[in-house]
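Below, chain A is the first sequence line, B the second, and so on; all start at residue 1. The model shown is predicted, which means the values in this text are computed figures rather than measured ones.
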Amino acid sequence: MALRLYNTLTERKEELVPIAPGEVRMYVCGITAYDLCHLGHARSLLVFEVLRRYLAFRGYRVRMVRNFTDVDDKIIRKAQETGRTWKAVADHYIQEFQADMARFELPPADMEPRATDHVPAMVALTESLLARGLAYAVDGDVYFRVRGFPGYGRLSRRNLDDLRAGARVEVDERKEDPLDFSLWKRAKPGEPAWESPWGPGRPGWHIECSAMAMELLGESFDLHGGGEDLIFPHHENEIAQSEGATGKPFARHWVHNGFVRIEQEKMSKSVGNVFTIRDLLGKFSPDALKLFLLGSHYRGPIDYAPEKVEEAGRALDRIRLLAESVEALEEHPRGGALPAAVGAARGEFVAAMDDDLNTARALSAIFTLVRHLNGALDRLPERRRATAAAAAAFREGIAAIREMGQVLGLRLSGGATRPAEEAALSAVAALLREYCPEQVAAAPDLSAGVEALLARREGARRARDFTVADAIRRRLAAAGIEVADRPQGSTWRLRTK
RNA sequence: GGCGGCGUAGCCAAGUGGCUAAGGCAGAGGUCUGCAAAACCUUUAUUCGGCGGUUCGAGUCCGCCCGCCGCCUCCA
């Protein structure tokens with residue numbers, strides 16, 4: 001068994017066979033640094049991070065490159081609008097991107113090149129395309145001659161005549177064919193410029209990725225990815241430029257993720273239905289957002305709605321609560337029931353991931369194991385006494401869940417999110433003023449506050465004043481604090497969203 | 001117009017022609033509890049947009065129709 005991944009180029013699932021045995025070299029198109037990232041970016045970022053992690057899990061060394069486009073029309077326009085330099089705009093949004101990645105708990109790629117650090121490679125690539133007759137220069141601009149590259153349209157399955165018929169491209173008199181695209185753009189006054197054989201200018205968008213990918217990964221590498229909207233023209237053009245210049249195959253495997261939609265419509269700025277990563281992570285934990293995104297297959301569309309992320313958060317809590325219960329197990333000679341099914345879950349997880357990164361199915365394997373472990377836990381005396389062997393088996397189960405979760409980029413541990421904590425804290429403060437005013441000063445943090453309220457509640461319970469006891473419990477629950485009454489006393493925990 | 005995708009339970013969603021159609025959320029009943037919560041157990045699609053066809057057998061393949069979406073211009 002090996003990983004089979006859908007290849008856009010061949011329209012079928014194909015086994016990923018690295019060119020260099022044991023090592024996968026992958027390039028993923030990164031962001032253009034002119035605005036904050038939204039949920040669509042988050043999905044793409046997550047999908048390829050999961051791919052990378054799964055490859056590592058399968059024993060491959062992985063080299064993943066994700067670029068930054070730090071010079072282009074949109075950046076220049078943003079600079080003009082806001083009175084900053086193009087460089088300041090790009091630097092700023094790259095920093096914001098990195099901050100978002102940290103909040104979303106995704107690590108950086110192995111290499112994160114900026115386009116402007118690789119201009120000489122882009123110039124060289126353009127020169128070699130000119131030398132091969134696949135490009136032509138006009139007044140300081142250089143265009144790729146689409147008709148000169150026979151394979152053009154193979155990735156996106158388009159033929160040039162159809163494209164031309166449907167083309168809504170601005171007619172540029174200087175182009176031989178309307179579909180020819182820029183390799184090099186002559187600088188207008190005030191625009192960023194690098195020296196070149198054709199005069200000062202800057203590289204076109206598509207050539208950036210070709211040049212950086214080949215410089216960092218070699219002329220031929222294993223996998224190239226991005227959102228499905230990049231298939232045409234961006235990736236089509238990358239293939240034409242790269243293979244046109246080298247005569248060698250560029251990327252073997254092309255992987256594209258589907259869109260995030262809002263109420264059946266593509267999320268995009270023109271529609272005005274964009275949710276930034278930043279806003280979403282103010283409301284939801286990274287794990288909940290990830291679980292939501294991984295709940296459907298990466299190639300299909302996914303419809304965003306806040307309730308769905310909340311649902312994912314509830315599902316996630318089941319895993320967290322199980323892990324906490326297992327950590328709290330007490331070893332006892334007369335424990336019970338050994339949990340089984342760890343091996344089966346792992347097998348199903350691998351089978352699912354091998355089948356075109358089917359994270360939804362992989363998650364079902366995890367949740368099935370969660371149910372089995374919970375069931376075994378329920379059969380333990382007081383749900384907490386296990387023999388040494390049983391306790392070890394439970395811990396092995398949790399370790400397996402953590403390991404599988406980790407491949408999916410999930411943390412599956414740790415406390416509640418900061419927003420949840422802040423909301424809980426203010427609710428607790430209000431309850432303290434109402435039920436134990438003398439304790440307000442003595443209970444400065446959440447934990448002390450809840451403990452004081454639980455002590456007050458325990459007093460009420462002893463006095464069989466269930467009205468007060470239940471009111472306190474109900475209002476704590478409303479604040480996200482879940483109280484459980486056990487034979488040994490009451491416990492509490494903060495739920496996440 | 002060209003190319004591509006989707007339509008599975010109340011909601012989300014997986015499903016590689018063949019045992020009883022994953023999993024999550026929500027709902028109902030039960031166990032536990034002073035009552036709850038959590039957890040577990042049971043339960044919720046004789047059926048996969050519609051109609052035909054291929055096949056011993058189709059959610060899965062083919063055709064047509066209906067509905068939704070995307071790409072063809074910058075876009076994850």
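Neither OP1 nor OP2 of B:rG24 sits under 4.0 Å from any side-chain N or O of A:Arg314. A sub-4.0 Å separation between OP1 or OP2 of B:rG2 and a side-chain N or O of A:Asn159 is absent. Taking only side-chain nitrogens and oxygens, A:Asn374 comes nearer than 4.0 Å to OP1 or OP2 of B:rC40.
The number of heavy atoms from other shown groups lying within 6.0 Å of CZ (A:Arg174) is above 12.
Closest approach to the A:Ala315 side chain among B:rC12, B:rA76, B:rC25 is made by B:rC25 (side chain taken as heavy atoms from C-beta onward). Looking at the side chain of A:His38, the nearest of the listed nucleotides B:rG24, B:rG4, B:rA76 is B:rA76. Distance from the side chain of A:Glu311 is smallest for B:rC25 among the nucleotides B:rC75, B:rG70, B:rC25. Distances were taken from every side-chain heavy atom of A:Phe259 (C-beta onward) to each of B:rG24, B:rG15, B:rA76; the shortest belongs to B:rA76.
B:rC12 atom C1' lies 12 Å from atom CG of A:Leu291, rounded to whole Å. Protein atom CG of A:Asn273 is 13 Å distant from nucleotide atom C1' of B:rC75, rounded to whole Å. One atom, NE2 of A:His224, and another, P of B:rA76, lie 13 Å apart when rounded to the nearest Å. Separating the CD atom of A:Glu307 from the C1' atom of B:rC12 is a distance of 11 Å, rounded to the nearest angstrom. Between A:Glu228 atom CD and B:rC6 atom P there is a gap of 11 Å when expressed in whole angstrom units. In this structure, A:Leu106 places its CG atom 17 Å from P of B:rA76, rounding to the nearest Å. Atom-to-atom, NZ of A:Lys266 to P of B:rC75 comes out at 10 Å; the value is rounded to the nearest Å. When the P atom of B:rC75 is taken as reference, atom CH2 of A:Trp205 falls 3 Å away, rounded to whole Å.
With the nearest nucleotide of RNA chain B identified for both A:Gly375 and A:Lys13, A:Lys13 has the one nearer the 5' end. Summary of the strand contacts: A:Ala362 and A:Ser44 both lie near RNA chain B, and taking for each the nucleotide with the nearest heavy atom, the more 5' one is attributed to A:Ala362.
Distance alone, capped at 3.5 Å, places no donor-acceptor pair between the A:Ser490 side chain and the A:Asp485 backbone. Side chain of A:Lys290 to backbone of A:Gly409: a donor-acceptor contact under 3.5 angstrom is found. Using a distance-only test at 3.5 Å, with no hydrogens or angles considered, no donor-acceptor pair links the side chain of A:Arg202 to the main chain of A:Ala187. The main-chain N or O of A:Lys175 is never found under 3.5 Å from a side-chain atom of A:Asp180 such that the two would form a donor-acceptor pair. For the pair A:His253 (side chain) and A:Leu5 (backbone), a donor-acceptor distance under 3.5 Å is present.
Within 4.0 Å (heavy atoms only), A:Asn358 reaches sugar-phosphate atoms of the nucleic acid but no base atom. A:Gly258 comes within 4.0 angstrom of a nucleotide base, judged by non-hydrogen atoms across all strands. Residue contacts for A:Val28: at a heavy-atom cut-off of 4.0 Å it reaches no nucleic acid atom on any strand shown. A:Ala360 comes within 4.0 angstrom of a base, heavy atoms only. The residue A:His297 sits close only to the backbone: its heavy atoms come under 4.0 Å of sugar-phosphate atoms, none of a base. In this structure, A:Lys74 reaches the sugar-phosphate backbone alone: every heavy-atom distance under 4.0 Å involves primed, P, OP1 or OP2 atoms, never a base. Among the heavy atoms of the strands lying under 4.0 Å from A:Gly40 is at least one base atom, whether or not backbone atoms are also near. Among the protein residues, A:Ser268 comes within range of no part of the nucleic acid, since none of its heavy atoms lies under 4.0 Å from any strand.
One C1' atom belongs to B:rG49, the other to B:rC68, and the distance between them is 11 Å to the nearest Å. Only the P atoms considered, B:rA38 is 10 Å distant from B:rG27, to the nearest whole Å. Look at the P atom in both B:rC71 and B:rA28: the space between them is 42 Å, to the nearest Å. Between B:rA26 and B:rC19, the distance separating the two P atoms is 31 Å to the nearest Å. Taking atom P on both nucleotides, B:rC61 is separated from B:rA14 by 15 Å, rounded to a whole Å. B:rU16 and B:rG59 have their P atoms separated by 13 Å, with the value rounded to a whole Å. Comparing the C1' positions of B:rA76 and B:rG67 gives a spacing of 27 Å, expressed to the nearest Å. Of the P atoms belonging to B:rC3 and B:rC64, the separation is 13 Å, rounded to the nearest Å.
Pairing partner, B:rG4: B:rC69, with both Watson-Crick or wobble hydrogen-bond distances short of 3.5 Å. Across all strands shown, the partner of B:rA39 is B:rU31, judged by Watson-Crick or G-U wobble contacts whose two distances both fall under 3.5 Å. Base pairing annotation: B:rU47 forms no Watson-Crick or G-U wobble pair, as no partner gives both donor-acceptor distances under 3.5 Å. If you check B:rC56 for Watson-Crick or wobble pairing at under 3.5 angstrom, you find it paired to B:rG18.
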message = Checking A:Leu36 against A:Phe97 for the side chain to side chain contact (heavy atoms under 4.5 Å, CB included) test, could you report, in this order, the C-alpha distance in whole Å, the side-chain angles of both residues, the deciding distance, and whether it holds?
response = CA-CA 7 Å; A:Leu36 293 177; A:Phe97 170 85; over 6 Å; no
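Side-chain atoms of A:Asn257 and A:Glu228 form no donor-acceptor pair, as typed in the model, at a separation below 3.5 Å.
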task = If a protein heavy atom is under 4.0 Å from the base, mark B; if only from the sugar-phosphate, S; if neither, -; do that for nucleotides 33-38 of chain B going 5' to 3'.
result = -BBBBS
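Salt bridge present: A:Arg473 and A:Asp470 bring a charged side-chain N and a carboxylate O closer than 4.0 Å. A:Glu11 and A:Arg157 are joined by a salt bridge, as a carboxylate oxygen and a charged side-chain nitrogen come within less than 4.0 angstrom of each other.
The aromatic rings of A:Phe181 and A:Phe144 lie parallel to each other, with less than 30° between the two planes, well short of the 60° mark.
A donor N or O paired with an acceptor N or O is found under 3.5 Å between the base of B:rA22 and the side-chain atoms of A:Ser364.
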